[in-house]
Participant: 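Quick one: the structure is below, questions incoming.
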Amino acid sequence: MTDPKWARDTERGRYYDDPAGGPPLISVTNALNAINKPALLPWGAGLVADQVIADPIVTARRARTEPTALRRELVAAPRLYSERAMDLGTRVHLRAVSLVLNTPHPVDEEVEPYAVQLAAWFRLWRIDFDRDVLAIETTVMHRKAGYAGTGDLWVWLPTGRYRRRQLWLVDYKTSAKKPATTVYDEQPLQLAGLRHAPEWLLPDDSSEPAPRVHRTALLNLRPRSHRFIEVPSGREQFVAFLGAIATRRYLNDTPSTYSAVVPPWAPGADRKAA
């Protein structure tokens, strides 16, 4: 994930401002945050367990001498790890842009192994950046459905019959620990939202119809490997994504507190009923 020009973070997640002046558009990732992700709970518990196991003697000592501080650190561990992972993902995306555009990029030793894998994928598919790459880091919009998002890579690949070129929408996914085969349930919905948005933004902030995408995939980048995985993003996934949009909009707009119901003879009941 990068920092698109029209995106802004709010207390209720990321939104995009419409350059044409329309209402704010909820981001694709913000919408998908409304989906329950059962893998997060065991992942967070495992992360805390690993931290305790890594230094059990110090942990036991701190549990006696500073339990409040220790508990605070352990509770915060999953969030801090996620923030570091998101920061790494942003830096990898920026490095990917520099790789495609052949522009200078500061040395980042943590990012470079992922860039090596991305470059290997480009070589494997014999991608000519000028001929095959249609767009990178481009914001798409669906004003009628009320959402926007930013895609990583639109690229032509010879995957059709008789090696006919097809347009792929590719989303980079980085991780230092997850297997390169990892696909989460919400990721096809993410690509469906991006794929079916009817417009995309041009550099001058005007919009035009987005190109027809034939296929979608994740490019899982790891420090020592990569995996290119096609995921579905058709009508079924898009309908499910629109459901996530509706759920997130409801959760964002619903009040956080409600009034208690009391009998009409209770003190102050007339005032509360009014």
Side-chain angles (χ1 to χ4, degrees), residues 1-37 40 82 86 89-90 93-94 96-97 134-155 167-174 183-219 230-256:
M1 178 184 293
T2 55
D3 188 19
K5 176 179 179 180
W6 292 95
R8 56 184 174 87
D9 294 323
T10 73
E11 293 181 354
R12 295 184 179 271
R14 173 168 283 193
Y15 279 78
Y16 282 76
D17 291 322
D18 186 343
L25 304 169
I26 192 168
S27 80
V28 169
T29 52
N30 188 6
L32 294 176
N33 285 337
I35 297 176
N36 181 35
K37 302 175 183 179
L40 287 180
S82 295
M86 290 177 63
T90 297
H93 278 67
L94 293 174
V97 170
L134 181 63
I136 55 173
E137 296 297 332
T138 300
T139 295
V140 298
M141 301 180 302
H142 198 314
R143 290 185 170 103
K144 184 176 181 180
Y147 76 85
T150 299
D152 295 338
L153 174 70
W154 282 259
V155 62
L167 185 61
W168 286 74
L169 173 56
V170 180
D171 193 67
Y172 307 136
K173 299 296 184 186
T174 60
V183 178
Y184 290 112
D185 293 340
E186 71 274 9
Q187 289 171 339
L189 276 62
Q190 175 190 4
L191 281 163
L194 296 171
R195 176 183 186 176
H196 293 282
E199 299 177 84
W200 65 5
L201 288 180
L202 300 175
D204 64 358
D205 297 329
S206 65
S207 62
E208 69 176 15
R212 177 175 176 266
V213 170
H214 299 105
R215 299 165 76 172
T216 53
L218 305 174
L219 179 51
E230 183 173 10
V231 297
S233 59
R235 180 66 182 173
E236 180 182 3
Q237 289 75 30
F238 184 56
V239 169
F241 171 75
L242 292 179
I245 287 282
T247 300
R248 172 49 66 187
R249 185 174 292 116
Y250 168 79
L251 294 175
N252 284 355
D253 296 340
T254 191
S256 57

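Everything numeric in this text was worked out from a predicted model, so none of it was measured.
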Participant: Please check if the side chain of Tyr147 supplies one atom and the backbone of Gly193 the other of a donor-acceptor pair under 3.5 Å.
Facilitator: yes
Participant: How many angstroms lie between CG in Leu194 and CG in Asp171, if you round to the nearest 0.5 Å?
Facilitator: 7.0 Å
Participant: Please report the shortest heavy-atom distance between Pro211 and Leu134, naming the atom on each side.
Facilitator: CG-CD2, 3.8 Å
Participant: Hey, does His142 have a side-chain heavy atom less than 4.5 Å from the side chain of His196?
Facilitator: no
Participant: List in chain and number order the residues that pass side chain to side chain donor-acceptor pair (under 3.5 Å) with Arg143, two or more places apart in sequence or in another chain; answer none if no residue qualifies.
Facilitator: Asp18, Glu199
Participant: Looking at Ser27, is its backbone amide N or carbonyl O close enough to the side chain of Arg14 to form a donor-acceptor pair, meaning the two atoms are under 3.5 Å apart?
Facilitator: no
Participant: What residues, two or more places apart in sequence or in another chain, satisfy side chain to side chain donor-acceptor pair (under 3.5 Å) together with Arg249?
Facilitator: none
Participant: What heavy-atom pair brings Leu251 and Arg12 nearest, and what distance separates the two atoms?
Facilitator: O-NH1, 3.3 Å
Participant: With sequence neighbours excluded, tell me which residues meet side chain to side chain contact (heavy atoms under 4.5 Å, CB included) with Glu208.
Facilitator: Trp200, Leu202
Participant: How long is the straight-line distance from OG1 of Thr150 back to CD1 of Ile136, given to the nearest 0.5 Å?
Facilitator: 12.0 Å
Participant: Can you name the ring pair (Phe, Tyr, Trp, His ring centres under 6.0 Å) partners of Trp6, sequence neighbours left out?
Facilitator: none
Participant: To the nearest 0.5 Å, what is the distance between CG (Asn33) and CG (Asn252)?
Facilitator: 10.0 Å
Participant: How far apart are the closest heavy atoms of Ala244 and Leu32, and which atoms are they?
Facilitator: CB-CD2, 4.2 Å
Participant: Could you walk me through whether Glu230 and Thr216 satisfy the side chain to side chain contact (heavy atoms under 4.5 Å, CB included) test, starting with their C-alpha distance in whole Å, then the side-chain angles of each, then the deciding distance to 0.1 Å, before giving a yes or no?
Facilitator: CA-CA 6 Å; Glu230 183 173 10; Thr216 53; 5.6 Å; no
Participant: Flag the pair Lys5 / Pro19 as yes when at least one side-chain heavy-atom distance between them is below 4.5 Å, and no otherwise.
Facilitator: no
Participant: Work out which heavy atom in Pro232 is nearest to a heavy atom in Pro188; give both atom names and the distance.
Facilitator: O-CB, 3.2 Å
Participant: Can you check whether Asn30's main-chain N or O pairs, donor with acceptor, with Arg248's side chain at less than 3.5 Å?
Facilitator: yes
Participant: For Thr174, what residues pass the side chain to side chain donor-acceptor pair (under 3.5 Å) criterion, not counting sequence neighbours?
Facilitator: none
Participant: Does one side chain, of Ser233 or Arg195, offer a donor that lies under 3.5 Å from an acceptor on the other?
Facilitator: yes
Participant: Counting C-beta onward and ignoring hydrogens, is there a side-chain heavy-atom pair between Val140 and Trp154 closer than 4.5 Å?
Facilitator: yes
Participant: Apply the side chain to side chain contact (heavy atoms under 4.5 Å, CB included) test between Val170 and each candidate in Val155, Val213, Asp152; give the one that qualifies.
Facilitator: Val155
Participant: Side-chain contact, heavy-atom cut-off 4.5 Å: Thr138 with Leu201?
Facilitator: no
Participant: Please output the side-chain donor-acceptor pairs of residues 234-243 that fall under 3.5 Å, not counting sequence neighbours, one pair per line with the distance.
Facilitator:
unit_1, atom_1, unit_2, atom_2, d
Gln237, OE1, Gly234, N, 2.8

